[in-house]
Amino acid sequence: MKAAVSARYGSPDVLEIGQVAKPEPKVGEVLIRIHTTTVSRTDCGMLRPHPFFIRLVSGLFRPKLTVLGMDFAGTVETVGAGVTSFKPGDRVFGMSPDTFGAHAEYLSVPEDGQIATMPAGLRFDETVICEGAWYADTYLKKFGLKSGDRILIYGGSGAIGTAAVQLAKSYGAEVTAVVGTRHLDLVKSLGADRAIDYTAQEFTKIGELFDFVFDAVGKTSYFHCRSLMKPDGVFSATDLGPWYQNLWLGPWFSLIGRRSVIFPMPKTSKAFMGYLKTLMEAGALRAVIDRHYRLEAIADAYHYVETAQKTGIVVITVTPEEEGRQA
Ligand SMILES: NC(=O)c1ccc[n+]([C@@H]2O[C@H](COP(=O)([O-])OP(=O)(O)OC[C@H]3O[C@@H](n4cnc5c(N)ncnc54)[C@H](OP(=O)(O)O)[C@@H]3O)[C@@H](O)[C@H]2O)c1
């Protein structure tokens, strides 16, 4: 099968479109013909690799995973022995956070993994938002966000940020989103109660206090944002922050009996896929798609995602649905 292969670490130029063995679904697995996937910041981090210490898990000198890609949407081709909840022809979406592999024509995933049948009425490219939503929801749940809470989401325009704004609204929170000028209307359309342009004003000087401050693009810090936080307010960020401070501030605050900074790690859960599907079908969570690329041009997609300028997600079309049907 055709796949985007990264046999070594490096810039997107190391990627090659080549032939690799088509996976066979093992017992309890579902083989999916991929129609769409994404290039995410996680894929970019795995390719370089960045930060350097992820080599400890991704492979010290060479990548253990040579086909990246976490989000997928496609059609079930075959199922392994014992699979009962999917059958050939089912339209499915999901993510493969442990083994990646979606930058390829086929992907085999466990039936009890992060896979669900497609939300009714949506196209494949409109469902490859699971990774961003997964991270966003991890943070919102760890905050303990509930109806009526006030949350400031810094950087509401990326994959995680666009999901965070919508998910926070679905929790019933009052959402203030901080974005650049070109994204003000977008975040309002996603449900933000208020949008602040970080290029036009210093967002920490708006004179309001929040229960939670979530840096969804890793561009600010606890120390910069603490004037925005209520005395028992909590800060979190998707990145490690200057001097990896988000890793050590959490434990340090715990030692003195406070919860001012948290840095949660996402955990996989089958139930999450059902939750996303329900939100998507209700129109409470939608994809914000910046660009589409064909698999053959995936290196260009990586280069673009690495600019940190994308809005929402960048979609890769592996096999258009019509071609998949004729194959
Ligand atoms: N914790 C984890 O496990 C994990 C997992 C995945 C990703 N991440 C990290 O999470 C971050 C977000 O990923 P993503 O894919 O959602 O981001 P992304 O899509 O790359 O974010 C890009 C968006 O951020 C905006 N932006 C750039 N600079 C900004 C600034 N200074 N202030 C506010 N907005 C700014 C850009 O628009 P403008 O420039 O026009 O404002 C653009 O719309 C990344 O840093 C990534 O490394 C963490």
Side-chain angles (χ1 to χ4, degrees), residues 37-54 57-58 68-71 95-98 100 128-143 152-168 176-187 189-190 192 195-204 213-221 224-225 235-242 244-247 250 261-268 287-291 301-316:
T37 178
T38 60
V39 171
S40 68
R41 293 288 299 275
T42 307
D43 295 317
C44 294
M46 292 287 282
L47 185 68
R48 289 272 175 190
H50 178 80
F52 69 95
F53 55 76
I54 68 166
V57 283
S58 66
L68 296 172
M70 199 192 285
D71 271 297
M95 62 180 167
S96 170
D98 299 326
F100 290 66
V128 280
I129 55 171
C130 299
E131 190 209 352
W134 183 46
Y135 284 116
D137 199 57
T138 296
Y139 286 84
L140 301 185
K141 281 216 167 65
K142 197 72 183 178
F143 281 139
L152 180 137
I153 298 173
Y154 183 82
S157 57
I160 299 174
T162 51
V165 170
Q166 297 177 83
L167 292 172
T176 296
V178 182
V179 289
T181 318
R182 67 187 176 122
H183 294 125
L184 289 169
D185 289 342
L186 169 70
V187 288
S189 77
L190 297 176
I196 294 177
D197 182 349
Y198 73 85
T199 68
Q201 72 181 110
E202 172 49 57
F203 72 99
T204 57
V213 175
F214 176 39
D215 174 7
V217 285
K219 299 280 186 189
T220 183
S221 69
H224 190 64
C225 293
F235 173 88
S236 197
T238 53
D239 273 277
L240 300 167
Y244 299 155
Q245 62 182 239
N246 295 324
L247 277 184
V261 177
I262 55 169
F263 194 65
M265 288 294 158
K267 292 196 186 93
T268 52
V288 174
I289 301 174
D290 185 329
R291 296 182 183 184
Y302 269 87
H303 280 297
Y304 179 54
V305 174
E306 281 192 336
T307 63
Q309 290 298 301
K310 72 177 163 63
T311 305
I313 57 169
V314 166
V315 172
I316 305 298

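Order of appearance sets the numbers: ligands from 1, and atoms from 1 within every ligand.
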Trainee: Just by modelled atom types, is the Gly241 backbone N or O under 3.5 Å from a matching donor or acceptor in the Asp239 side chain?
Mentor: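 A pair under 3.5 Å: no.
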Trainee: Mind checking the CG-CD1 spacing from Asp71 to Ile129? Nearest 0.5 Å is all I need.
Mentor: 8.5 Å
Trainee: Can an N or O of Ala159 be found at a distance shorter than 3.5 Å from an N or O of ligand 1?
Mentor: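 Yes: some nitrogen or oxygen of Ala159 is under 3.5 Å from one in ligand 1.
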Trainee: Out of curiosity, is Ala308 lining ligand 1, as in a heavy atom under 4.0 Å away?
Mentor: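 In this structure, Ala308 qualifies as a contact of ligand 1 - some heavy atom is under 4.0 Å.
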Trainee: Going through the distances and angles, do Met265 and Lys142 end up as a side-chain contact (heavy atoms from CB on, under 4.5 Å)?
Mentor: CA-CA 10 Å; Met265 288 294 158; Lys142 197 72 183 178; over 6 Å; no
Trainee: So for Ala216, does at least one of its heavy atoms come nearer than 4.0 angstrom to any atom of ligand 1?
Mentor: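 It does, in that a heavy atom of Ala216 comes within the 4.0 Å cut-off of ligand 1.
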Trainee: Identify, for atom 24 (O) of ligand 1, the protein heavy atom at the shortest distance, and state residue, atom and that distance.
Mentor: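 Looking only at protein heavy atoms, the one closest to atom 24 (O) of ligand 1 is Val217 CG1, 3.3 Å.
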Trainee: Counting only nitrogen or oxygen atoms and a 3.5 angstrom limit, does Lys219 reach ligand 1?
Mentor: no
Trainee: Quick one: does Tyr139 get within less than 4.0 Å of ligand 1, heavy atoms only?
Mentor: yes
Trainee: Can you tell me the protein heavy atom closest to atom 6 (C) of ligand 1 and the distance?
Mentor: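 Answer, as residue, atom name and distance: Thr42 OG1, 3.2 Å.
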Trainee: Could you tell me the residue and atom name of the protein heavy atom closest to atom 13 (O) of ligand 1, and the distance to it rounded to 0.1 Å?
Mentor: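 Of every protein heavy atom, Arg41 CG, 3.8 Å lies nearest to atom 13 (O) of ligand 1.
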Trainee: According to the salt bridge (Lys or Arg N to Asp or Glu O under 4.0 Å) rule, which pairs have a member within residues 38-48, sequence neighbours left out?
Mentor: Arg48-Glu306
Trainee: Do Glu131 and Thr38 have a side chain donor and acceptor closer than 3.5 Å?
Mentor: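 Judged by distance alone, the side chains do not pair up.
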Trainee: Does Gly158 have a non-hydrogen atom less than 4.0 Å from ligand 1?
Mentor: yes
Trainee: So for ligand 1, is Glu131 a polar contact partner (N or O within less than 3.5 Å, distance only)?
Mentor: no
Trainee: Any atoms of ligand 1 less than 4.0 Å from a non-hydrogen atom of His183? List them with their elements.
Mentor: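 Answer for ligand 1: 37 (O), 40 (O), 43 (O).
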Trainee: Among the heavy atoms of Asp239, does any lie under 4.0 Å from an atom of ligand 1?
Mentor: yes
Trainee: Please tell me if the side chains of Cys44 and Val39 come closer than 4.5 Å, counting only heavy atoms from C-beta onward.
Mentor: yes
Trainee: Could you check whether atom CG of Asp197 has more than 12 heavy atoms from other residues, nucleotides or ligands sitting under 6.0 Å from it?
Mentor: yes
Trainee: Looking only at protein heavy atoms, which one is nearest to atom 18 (P) of ligand 1, and what is the separation?
Mentor: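 Protein heavy atom at minimum distance: Lys310 NZ, 3.6 Å.
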Trainee: Suppose we measure from atom 33 (C) of ligand 1 to each protein heavy atom; which comes out shortest, and what is that distance?
Mentor: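 Heavy-atom neighbour on the protein nearest atom 33 (C) of ligand 1: Tyr198 CE2, 3.3 Å.
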Trainee: Under 4.0 Å, heavy atoms only, figure out whether ligand 1 is touched by the backbone of Thr238, its side chain, both or neither.
Mentor: both
Trainee: I'd like to know whether NE2 of His50 has more than 12 heavy-atom contacts from other residues, nucleotides or ligands below 6.0 angstrom.
Mentor: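 Count not over threshold, so no.
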Trainee: Would you say Asn246's side chain and Val261's backbone share a donor-acceptor pair under 3.5 angstrom?
Mentor: no
Trainee: Looking at Val187, Leu152, Val165, which one forms a side chain to side chain contact (heavy atoms under 4.5 Å, CB included) with Thr176?
Mentor: Leu152
Trainee: Among protein heavy atoms, which sits nearest to atom 3 (O) of ligand 1, and what does the distance come to when rounded to 0.1 Å?
Mentor: Tyr135 CE2, 3.1 Å
Trainee: Is there a side-chain contact between Phe263 and Tyr139 in this structure, where contact means two heavy atoms from C-beta onward sitting under 4.5 Å apart?
Mentor: yes
Trainee: Any idea how Phe143 and Phe214 line up, ring-wise: parallel (<30°), tilted (30 to 60°), or perpendicular (>60°)?
Mentor: perpendicular
Trainee: Is Thr311 close to ligand 1, meaning an N/O of one under 3.5 Å from an N/O of the other?
Mentor: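 Checking ligand 1 against Thr311, no N or O pair falls under 3.5 Å apart.
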Trainee: Would Ile160 count as a polar contact of ligand 1, with the cut-off being nitrogen or oxygen pairs under 3.5 Å?
Mentor: yes
Trainee: Quick one: look up the protein heavy atom nearest atom 25 (C) of ligand 1 and list residue, atom name and how far away it is.
Mentor: Ser157 OG, 3.5 Å
Trainee: Backbone or side chain, does any N or O of Arg182 fall under 3.5 Å from an N or O of ligand 1?
Mentor: yes
Trainee: Determine whether Arg182 and Gln309 make a side-chain contact, defined as any pair of heavy atoms from C-beta on separated by less than 4.5 Å.
Mentor: yes
Trainee: Got the closest protein heavy atom to atom 32 (N) of ligand 1, with its distance?
Mentor: Tyr154 OH, 2.7 Å
